[in-house]
Amino acid sequence: MDNQSIAEVFEQMAELLEFKGENPFRIRAYHNGAKAILDLDEPVAQILEDPSRKLSDVPGIGKTLVDKITVLVATGSLPQLLELQEQFPASVLAMARVPGLGAKKAARLHQELGIDNLAELKTACETDQVSGLKGFGKKSQQTILDGLAIAQAAAQRKKWVNADGWVARLRSHLSSCDAIERMEFAGSYRRGRETCGDLDILVVADPAAAAMDHLEAFPPRKETILRGDTKISIRVDEAFQVDMRVVAADQFGAALQYFTGSQAHNVRVRSMAKAQGLKVNEYGVFREDDPEHSIAGGEEQEVYAAIGLPWVPPELREDRLEFDWAKSGDPFDLIELKDICSDLHMHTTATDGEATIGDMADAAIARGLTAIAITDHSQRVAMARGLDPQRLREQWARIDQLRPQYEGRLTILKGIECDILEGGGMDLPDDVLAEADWVLASVHYGQRQSREQITDRILGAIANPHVTAIAHPTGRLINRREAYQVDIDAVFQAAAETSTLLELNANPSRLDLHEVHCQTASRRYNIPIVINTDAHSIDGLDVMQYGILQARRAGLQKQHVANARSWDAMKPLMGKYR
DNA sequence: GCCGTTTTCGGCCCGACTGTTTTCAGTCG
């Protein structure tokens with residue numbers, strides 16, 4: 001059982017225990033345990049097997065969870081979980097995810113009215129059975145009915161790039177509000193998470209009501225979910241929630257810190273504050289003995305400084321590595337878009353791209369790049385008219401012709417995105433690959449094969465001396481397709497041994513490697529990461545920014561990113577050039 | 001269930017808003 005599966009078991013335990021009305025701290029312990037395992041940079045089984053190490057040394061994992069993990073690794077299932085699932089089937093749990101309902105209320109509906117699923121819940125509301133229950137009223141009943149209607153749509157978070165589109169529209173709309181003096185988008189959007197469940201807007205405004213009125217006048221608004229003196233939530237689109245909080249100017253930093261999260265990061269920040277006799281909330285930092293006067297709060301930096309921390313980049317605020325990093329005294333200095341020198345994955349009209357080599361080269365120069373690799377598909381990708389050896393060599397001859405025009409301005413590499421075939425092996429013969437400057441290997445077909453098969457295929461590609469990097473190593477498409485089954489640690493191990501680079505594909509639907517894998521590959525295995533756009537058009541080159549955001553979340557600095565160097569400086573990183 | 005420069009018990013981050021309550025529990029972030 002891999003880390004992700006174990007983490008999922010603990011998340012399910014937490015959800016079920018909450019349903020049962022268990023001690024909230026015990027529930028949190030399961031959440032924390034799940035997170036701790038997910039953030040580990042190696043399989044838990046590996047730690048269990050090593051007699052010189054203790055799994056209970058991992059913060060958040062105590063004796064009980066170690067026992068449960070041991071059972072999970074040995075048997076693949078957990079008796080306690082099965083027991084709870086029998087008591088509360090998944091259809092019952094789904095009720096707790098209806099907006100307005102939580103575990104407690106959902107459990108009562110199940111226990112007192114015998115409601116087992118969403119369909120029965122709907123009927124119960126429509127036949128007025130719910131409003132008679134103690135603690136429920138007509139309004140609660142209507143809230144549930146409304147919640148049921150949007151529960152489906154709300155199940156999916158928006159990709160960051162789509163959330164960014166809403167941010168642009170909201171920014172533009174709110175900028176015409178005279179009452180708003182300062183504005184920032186916080187939450188998972190600011191942290192650059194690959195998906196966003198909602199948007200959090202923080203404003204300084206006078207009067208506060210004017211800012212809220214203005215938000216309510218946002219044309220795509222579907223409804224106002226709630227509105228108080230300082231806080232308003234509206235719904236746009238099918239089920240996308242936008243929250244706004246109005247704070248005073250001298251509270252803005254504290255509020256921004258608070259609403260940027262993550263929750264886990266904030267829990268740590270406040271615990272640290274508490275240990276120092278301080279209290280941190282969204283209004284400022286306060287001494288325990290003087291809760292009236294804030295000692296910090298106007299800017300985020302002050303809040304962190306008050307508890308002895310440097311300002312933490314939002315992308316790192318996940319309670320993953322930022323606190324140890326801060327303690328070490330090393331500056332964060334995360335990778336930035338301007339550090340990128342080259343883009344080594346793009347397609348042209350030769351296969352499924354929309355622009356020619358020359359177009360792409362000119363566009364790359366306009367974006368400040370000094371090298372690109374032309375990496376069209378290989379022959380197996382027939383749908384995209386993938387290149388056979390002859391057409392590939394013709395393309396390379398064309399690159400030879402073009403190179404003099406770009407001398408001193410842009411290095412155009414002869415590349416290929418070569419498929420890793422279903423039966424193993426590369427889609428082009430070695431003598432062809434040997435002529436390339438840059439060979440990406442990737443899996444497009446047979447993604448539903450077994451973990452062993454796919455892992456073997458990728459390890460085979462890594463063992464090929466001509467392969468310089470593995471493109472989109474896990475094949476996932478956010479919100480659309482799960483990653484294929486692969487022993488990612490074996491891939492990292494092999495890549496490290498052969499000096500094969502790994503790609504962080506910047507396409508906002510891929511972002512593959514995802515951040516935790518990317519962090520592991522970089523920090524634990526010292527594998528240089530190459531961030532590429534996989535552009536199929538000139539505009540496609542602009543997705544680099546999303547890859548940078550993801551790389552920052554993985555804690556990558558300039559020196560961890562291969563293409564934050566010139567092409568010549570990159571060569572020593574690769575086995576092919578040694 | 002975890003954890004310890006307040007150590008093996010007794011804590012565990014903090015507040016806004018809503019609905020159904022007469023002082024607060026539940027939900028949400």
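Each chain gets a letter, A, B and so on, in the order the sequences are listed, and its residues count up from 1. We use all heavy atoms of the structure for the numbers below, so side chains are in, but hydrogens, waters and symmetry mates are not.
- Salt bridge status for A:Arg553 with A:Glu194: absent, with no side-chain N to carboxylate O gap under 4.0 Å.
- Across all strands, A:Pro24 comes closer than 4.0 Å to no nucleic acid atom at all (heavy-atom distances).
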Enumerate the protein-to-nucleotides 9-12 of chain B contacts in which both atoms are nitrogen or oxygen and the separation is below 3.5 Å.
from	atom 1	to	atom 2	distance (Å)
B:dC12	OP1	A:Lys274	NZ	2.6

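- A salt bridge is defined here as a Lys NZ or Arg NE, NH1 or NH2 lying under 4.0 Å from an Asp or Glu carboxylate O, and A:Asp213 with A:Arg227 meets this definition.
- Between the side chains of A:His31 and A:Glu11, at least one donor N or O lies within less than 3.5 Å of an accepting N or O.
- Contacts of A:Glu282 with the nucleic acid, taken as non-hydrogen atoms under 4.0 Å apart, involve only primed sugar atoms and P, OP1 or OP2.
- Rounded to whole Å, atom P of B:dG4 lies 14 Å from atom CE of A:Met272.
- Using a 4.0 Å heavy-atom cutoff across all strands shown, A:Thr143 reaches no nucleic acid atom at all.
- Ion pairing between a basic and an acidic side chain is recognised when a charged N comes within 4.0 Å of a carboxylate O; A:Glu322 and A:Arg268 show no such pairing.
- Among the atoms of the strands shown, only primed sugar atoms or phosphate atoms (P, OP1, OP2) are found under 4.0 Å from some heavy atom of A:Lys279.
- At the heavy-atom level, A:Val269 lies nowhere under 4.0 Å from the strands shown.
- Between A:Ala275 and A:Ile225, the residue whose closest nucleotide on DNA chain B is further toward the 5' end is A:Ala275.
- At a threshold of 4.0 Å, the pair A:Glu300-A:Arg190 counts as salt-bridged, since one of the basic side-chain nitrogens sits closer than that to a carboxylate oxygen.
- Residues A:Arg182 and A:Glu299 are paired through a salt bridge, judged by an N-O separation under 4.0 Å between the basic side chain and the carboxylate.
- Here the P atom of nucleotide B:dT6 and the CD atom of A:Glu288 are 12 Å apart, to the nearest Å.
- For the pair A:Leu226 CG and B:dC28 P, the interatomic distance rounds to 11 Å; values are reported in whole Å.
- Distance CG (A:Asp229) to P (B:dG15): 17 Å, rounded to an integer number of Å.
- A:Tyr30 comes within 4.0 angstrom of sugar-phosphate atoms only, judged by non-hydrogen atoms across all strands, and of no base.
- Nucleic acid contact class of A:Asn266 (heavy atoms, under 4.0 Å, all strands): none.
- Rounding to whole angstrom units, CD of residue A:Glu15 and P of B:dT27 are separated by 13 Å.
- Taking side-chain N and O atoms only, A:Arg270 has no distance below 4.0 Å to OP1 or OP2 of B:dC13.
- For the pair A:Lys68 and B:dG1, the criterion of a side-chain N or O lying under 4.0 Å from OP1 or OP2 is met.
- Contact annotation for A:Ile27: no contact, since no heavy-atom pair falls under 4.0 Å across all strands.
- Phosphate proximity of B:dG26 to A:Ser140: absent, as no side-chain N or O sits under 4.0 Å from OP1 or OP2.
- Here B:dT8 sits opposite no nucleotide as a Watson-Crick or G-U wobble pair (both hydrogen-bonding atom distances under 3.5 Å).
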